[in-house]
Structures are given as structure tokens and as C-alpha cells.
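Notes to accompany the following structure.
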Amino acid sequence: MKMSDKFTSFIHDIIDQDLKEGINSKKVHTRFPPEPNGYLHIGHAKSICLNFGVALEYKGFCNLRFDDTNPSKEDVEYVESIQEDVKWLGYRWDDRMYYASDYFDKLYQYAVQLIEDDKAYVDDLSPEEIREYRGTLTSPGKESPYRNRSIEENLDLFERMKAGEFPDGSKVLRAKIDMVSGNLNMRDPVLYRIQRANHHRTGNKWCIYPMYDYAHPLSDAIEGITHSICTCEFEDHRPLYDWIIENVRNLNSRPRQIEFARLNLSHTVMSKRKLRQLVEEGYVEGWDDPRMPTISGLRRRGYTPEAIRDFCERIGVAKAVSTVDIALLEHCVRQDLIFKAPRYMAVLRPLKVVIDNFPEDQVEWMDADNNQENPELGTRKMPFSRVIYIEQDDFMEDPPKKFFRLAPGREVRLKHAYIIKCERVVKDENTGEIIELRCTYDPQTRSGMDTSGKKVKGTLHWVSAEQAINAEVRLYDHLFVKDNPEESKDTDFKQNVNPQSLEILKSFVEPAFAEAQPGGRYQFLRQGYFCVDPDSSEEQLVFNRIVSLKDSWAKMQKKK
RNA sequence: UGGGGUAUAGCCAAGCGGUAAGGCAGCGGUCUUUGGAAUCGCCAUCCGCAGGUUCGAAUCCUGCUACCCCAGCCA
């Protein structure tokens, strides 16, 4: 998609058509309807961007509605985190935050109406019996012996269900539709069940609760929703959705359900059940672990709302089952941060370098732009002195041909400073391990000066030892080693957890980081984008790697 | 013996009877005081398969095939 192209999809086509035909007074009103039973993830972000996005594009509205019809699974903890996540993504619902539970009274009245119209009945069959009577995918169901109770008896029984006269599970209210339908959802679906549970909003007022299939279309109609966008697994619920809308009297709006394919992302899992397992079995540290595809995890990792919105736009909306390459998500955040993030220096795996011809107690403050490509981010001073650190990877004692970095006898530029030459390698006598490098610098090559025509192949980042700040750096990688962790039905996805998804380093960062605040995002020059973690304290900065920079050297090495 | 849906490049995805957009990934060049960024170029003679209609088909018709969803008093 060209970035200038207007975002479009089959959903836009449907809306355009409805608008053309003047359906629903030519308004567009959507809703994002999470059940408050877990944390939101990137798949929900797709739905949020779609629903709020469509409303914005058509100058309509999008409601936030909690689908809280099953008190045994839901909790206020989740309604709070969901609001926070939607807000963080950049969407506003103003005063349009609702709960399906707001409509419990109305929903009850509508049910009474259906009974009066002989379209619903109270069934005494047990859950097991209902299942048996439902038939199977390939064989028809049969009608319940209670299906033909009189309207009066149904009315009485339903009222007594509500009054708490019957034990949990002993009776249900069912729609009277068609027990031989090829669509199982139409085989007299349950509308209400008896469940004594404390509801997070209505407390103990109710002991009967409506089912999703009943509550959802009616909630949509009550709110004047015009386009009720959901995922494909609800496609064969649509006839029931429409049946409810058509058979409840006096509804003044006709919402239309439209289905799209849910998001799958490579190298991760998306189902609430699996994410919960990762948390509970200790594969990650919590729902907001930076490796999690949850909104809270991505936020802590350092992803921006802009990047996530851009991602949701780029992946498009369609109905085919698909798995988006996580590289696209990573591309989006690099793209967003490229001009926004100050580019500072951090040496992740330090190697000591002594510059022998630099005066012992001298500190020279170098001018450094904060973002070469965005002058608006200003400049800072970087101390340069006799002892500095460079990256271990930036030195090789016996380098291959294409290695452009430091090696014995070779010269490289230190970004924002001087060109140095490696004169000598100092090793531990016993282990042979490289302890430090002795180098010399060329005073004529200070950054910005005429470098007397001197060209070097490589430019390194560095940190002056004396002024360096200690930091913990958390390097994150894909949570799973396989692009599809659930390769086949008989693989346990946890077998594919990446044992190297987190690497913790003790690093040195330049003094400019002294002012860094939790949530702050930076580019560590030549390495990637990093975000200050809330675990940071006065004593210790903690950084999360959001994403690495593209690295063609690493790629070359990998190919070999 | 059922019902619903989907098939266009490695991954997404436009396309709506006039001769295959775009993005990501990949590959190659230029440039570069980040092996980053930027920039230029390459990357489907072909649209799940087989027939048919048409001057002309990814688009229409017929028949296959593959994959996904559905038998909660979950959503």
C-alpha cells in the first residue's frame, strides 16, 4: 500500500454501500467490545484500530463496551487495564463507555417479550441432555420435551428463575428456532442461564445472566451501533444475531455484523490461554513482560502507539487466515523512532581502550548531535579521555577481509571524536584473554575538523571510562524460536520457547543518560532502540532493547 | 450424510471483464564520520487445480482440491 493511499478494505466497501443506500440514517457507529477477563494483546489492537479507525474516517463514533455477561470470569482489574491500553493506543470514547450489564433490565424485558411471542421457552433439560438433544455436526437435533410449554407457564418459570427459586444449572431460557438447522447456533440456543455469582458491577442483583449471542446484538441495537465488527469465528453466529434483532420488538436500529480475520503474528502466540500459561508457568515474568505480545508488554518494551497503529494499518483487513511476520512490527517501530529518538552512546559489552598519547588527566568535551537527521533534537557534550570503552565486537585480533572495525595496526574513527589506531593488544598472561587495547589518536582528526584526507573504513561508538554510567541492559529477542510455535497439533508450543529471549548485560552508557527517565526511548548508536524500564532506580538505570538496528555485518556472518 | 468461510510472491495485501498495486522480508548498486538511515534497481508471463463463456478472465459459469471455524448453561 502506498503510504499516500487511503486505507481501505472490504469493510469500507460494505459501509460505503450502506451509506449509499441510506441505511441507519447514513451514520457510522462502531464499538470495541472486550470481555473484561484478561489483558489486551496486539490482536485486540487490530480490532481497536479498525473499530475506532473506521469511526474516525467516517466521522462517526466508536463506543467502548465491556461485554460482561459472565461474572464468573470477569473482574474490575481487567476493565481498568483495558481502558488504560485503549487510551494509550490513542483512542477516545469520550462519554461512551458502556457495559452489557447496563442493559440487564432491558434485556430481561426483551426476553419476556420473546416468551410472549412464543419465541422463547424455559427448558428443564440438564446441560448433558441439552448437548445430546442438540445432535451433532452431521446429524439433526431433536426438540426438548419442554419446548411446547404454554406461554403463561414460561412467563411464570422465567420470572421465578430471576427470583432465584431454582438452583444453578437447573433451567435455561432458550430461543425457539430450529432443532434441525445445519447451523448448530440455530438449534434453540440458550439465551439465559442461572448462575449465582457476584458480578463486578451488579453484585448479587441477578442470578440469571444473558448469553453473548443474546446480549450482544441487543447491546448493539440499544447503543445504535450500525456496524458490529467481529472476528470470523462468529460468522456462523450471524444468523442468530439477525434473528434476535428481527424478533425482538421495537428496536430502533439495525446493526449489521461484519467479520474479519483475527491477527496471528509469527514467533509468538496470541491466545489468552497460552499467554496465561507463559505467565503462570514462569516462562515470562508477567503480563507486561517486554517479550509478551500484550499491549502492556509492548508498551513496557518501548513500542510506541504510533508504531502499533501504523502496523495495524499496514497489515490490512481481510478474511483469510494469515500470520503476519513480526519483522513488519519491528520495521514499524524503527520507522517511528528514527527521527524521534536521541542517538546516544552505550557500550554493551565493554572492552577497555587506553589512548597512550592522550594526556593523563585531560577531559575533552566533544560536540555531538543528538540525531544526525533531526537537528531539532539538539546537541550535547560527550567527554573524551585517555581511557575509554569500545564494544568487544568492534575489535578482532585476526580479522577476516570484510571486517571494517578495529584490529592490530588498524585505524577507525570514534564517532564524534578522533581517529585512533590500535598499537598493541594486552592479554591476561594465564588465560590469554584480551584485557585491553593500547591505542594512539591523531589530534588532527577531531570530528568536524578537516581530517587531512584521512579515510577510515569504520566508525565506532564508545564511552569515556571515567564519566561512564553503569546500566543494566536487557536484550530481548523473539519469545519463540519457531515462526509458528504451534507447528502441528501434537507439538507443545512451550517446547519452542526461545531460551535466549532475554540476555542481561552490565554495560556502560554515556553521562548524557543521567537525565533519562523511565519510558524514555533512545537509539544506542549502531545498536538499536532502547527504552528506560520502570525497574530503573537512583543507583541503576535499566534499559530494554525495543528492537535492534538492521545489521548487515551480522547478516553476512550469519550466512557463512 | 451437516453448516459457514477462505485460497493472488517467502509473509501480509490491492484487484470488482481490458491484460498482476503497495508494504515487509530477500538480493544487488550508490552514498555514508552509525556496516544505521537515505537512495536506485531486481524479485508472480501469472492469480489453489481442471474445464467452459468471451475479441479478452485473477475477476463470470461449472466441477474439483486444500485449509480454517462450529456440537459451552464461554466470549
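Letters A, B, ... mirror the listed sequences (proteins, then strands); counts begin at 1.
- Atom pair Glu259(A):CD and U6(B):P shows a separation of 9 Å (rounding to whole Å applied).
- Base engagement by Ile130(A) is indicated by at least one non-hydrogen atom pair under 4.0 Å involving a base atom.
- Within 4.0 Å (heavy atoms only), Val317(A) reaches sugar-phosphate atoms of the nucleic acid but no base atom.
- Across all strands, Thr136(A) comes closer than 4.0 Å to base atoms (heavy-atom distances).
- Residue Arg314(A) has no polar side-chain atom (N or O) positioned under 4.0 Å from OP1 or OP2 of G22(B).
- Comparing Met556(A) and Gly182(A) by the nucleotide of RNA chain B that holds the closest heavy atom to each, the one mapping nearer the 5' end is Gly182(A).
- Results of the side chain to side chain contact (heavy atoms under 4.5 Å, CB included) test with Pro210(A) over Tyr192(A), Tyr110(A), Tyr108(A) single out Tyr192(A) as the only residue that passes.
- Across the strands present, A21(B) finds no partner; the criterion is a Watson-Crick or G-U wobble pair with both atom distances under 3.5 angstrom.
- Between His331(A) and Lys415(A), the residue anchored closer to the 5' end of RNA chain B is His331(A), taking for each the nucleotide with the nearest heavy atom.
- Within the 4.0 angstrom heavy-atom criterion, no nucleotide atom of any strand lies near His461(A).
- Residue Leu525(A) is in base contact, counting any heavy-atom pair closer than 4.0 Å across all strands shown.
- Not one side-chain nitrogen or oxygen of Lys550(A) sits closer than 4.0 Å to the OP1 or OP2 atom of G35(B).
- Counting non-hydrogen atoms under 4.0 angstrom, Val324(A) reaches the backbone sugars and phosphates but no base.
- For the residue pair His237(A)/Glu259(A), the side-chain donor-acceptor check at 3.5 Å is not satisfied.
- In this structure, Glu35(A) reaches the sugar-phosphate backbone alone: every heavy-atom distance under 4.0 Å involves primed, P, OP1 or OP2 atoms, never a base.
- Spacing of C1' atoms, A57(B) relative to G4(B), comes out at 28 Å, to the nearest Å.
- Remark: the Arg405(A) side chain and the G35(B) base include a donor-acceptor N/O pair separated by less than 3.5 Å.
- Pairing for A38(B) is with U30(B), a Watson-Crick or G-U wobble pair whose two hydrogen-bonding atom distances lie under 3.5 Å.
- Atom-to-atom, NZ of Lys319(A) to P of A13(B) comes out at 13 Å; the value is rounded to the nearest Å.
- Residue contacts for Ser72(A): at a heavy-atom cut-off of 4.0 Å it reaches no nucleic acid atom on any strand shown.
- The nearest whole Å value for the distance from the NE2 atom in His216(A) to the P atom in G72(B) is 21 Å.
- Ring-plane geometry between Tyr98(A) and Tyr103(A) is classed as tilted, the angle between the planes lying from 30 to 60 degrees on a 0 to 90 degree scale.
- Distance check on atom P: C40(B) versus C47(B) gives 31 Å, rounded to whole Å.
- Across Arg413(A), Lys421(A), Lys454(A), a single residue satisfies salt bridge (Lys or Arg N to Asp or Glu O under 4.0 Å) together with Asp442(A), and that is Lys454(A).
- Within the nucleic acid shown, Gln523(A) comes within 4.0 Å of at least one base atom, counting heavy atoms only.
- No engagement by Met186(A) is indicated, since no non-hydrogen atom pair under 4.0 Å with the nucleic acid exists.
- Across all strands shown, Ser181(A) has no heavy atoms under 4.0 Å from either base or sugar-phosphate atoms.
- Taking the six-membered ring where the residue is Trp, the centroids of Phe384(A) and Trp462(A) are separated by under 6.0 Å.
- Within 4.0 Å (heavy atoms only), Ser322(A) reaches sugar-phosphate atoms of the nucleic acid but no base atom.
- Across all strands shown, nothing is found opposite U53(B) as a Watson-Crick or G-U wobble partner with both distances under 3.5 Å.
- In this structure, G72(B) is classed as syn because its glycosidic torsion stays within 90° of zero.
- Distances shorter than 4.0 Å separate some side-chain N or O of Arg134(A) from OP1 or OP2 on C73(B).
- Rounded to an integer number of Å, the gap from Leu329(A) CG to C11(B) C1' is 13 Å.
- OP1 or OP2 of C69(B) has not a single side-chain nitrogen or oxygen of Arg262(A) nearer than 4.0 Å.
- Here A7(B) sits opposite U65(B) as a Watson-Crick or G-U wobble pair (both hydrogen-bonding atom distances under 3.5 Å).
- Judged by atom type and distance alone, Glu233(A) does not reach the base of G4(B) through any side-chain donor-acceptor pair under 3.5 Å.
- Pairing of A13(B), defined by two Watson-Crick or G-U wobble distances under 3.5 Å, is not identified with any nucleotide.
- Summarising the geometry, the separation between CD1 on Ile82(A) and P on A75(B) is reported as 15 Å, rounded to the nearest angstrom.
- As judged by a 4.0 angstrom heavy-atom cut-off over every strand, Lys457(A) is placed among residues making no nucleic acid contact.
- One finds a side-chain N or O of Lys555(A) lying less than 4.0 angstrom from the OP1 or OP2 phosphate oxygen of G26(B).
- A donor-acceptor contact closer than 3.5 angstrom links the side chains of His216(A) and Arg31(A).
- Here the side chain of Asn371(A) pairs no donor or acceptor atom with the backbone of Pro342(A) at under 3.5 angstrom.
- In this entry U45(B) has no Watson-Crick or G-U wobble partner, no candidate having both defining distances under 3.5 Å.
- You'll find the ring centres of Phe234(A) and Tyr241(A) outside the 6.0 Å limit.
- At A75(B), one or more side-chain N or O atoms of Arg193(A) fall inside 4.0 Å of OP1 or OP2 (strictly under the cut-off).
- Residue Asp236(A) places a side-chain atom within donor-acceptor reach of the base of G3(B), judged by atom type and a 3.5 Å distance cut-off alone.
- Among the heavy atoms of the strands lying under 4.0 Å from Leu125(A) is at least one base atom, whether or not backbone atoms are also near.
- Atom CG in Asn264(A) sits roughly 10 Å away from atom P in C69(B) (whole-Å rounding).
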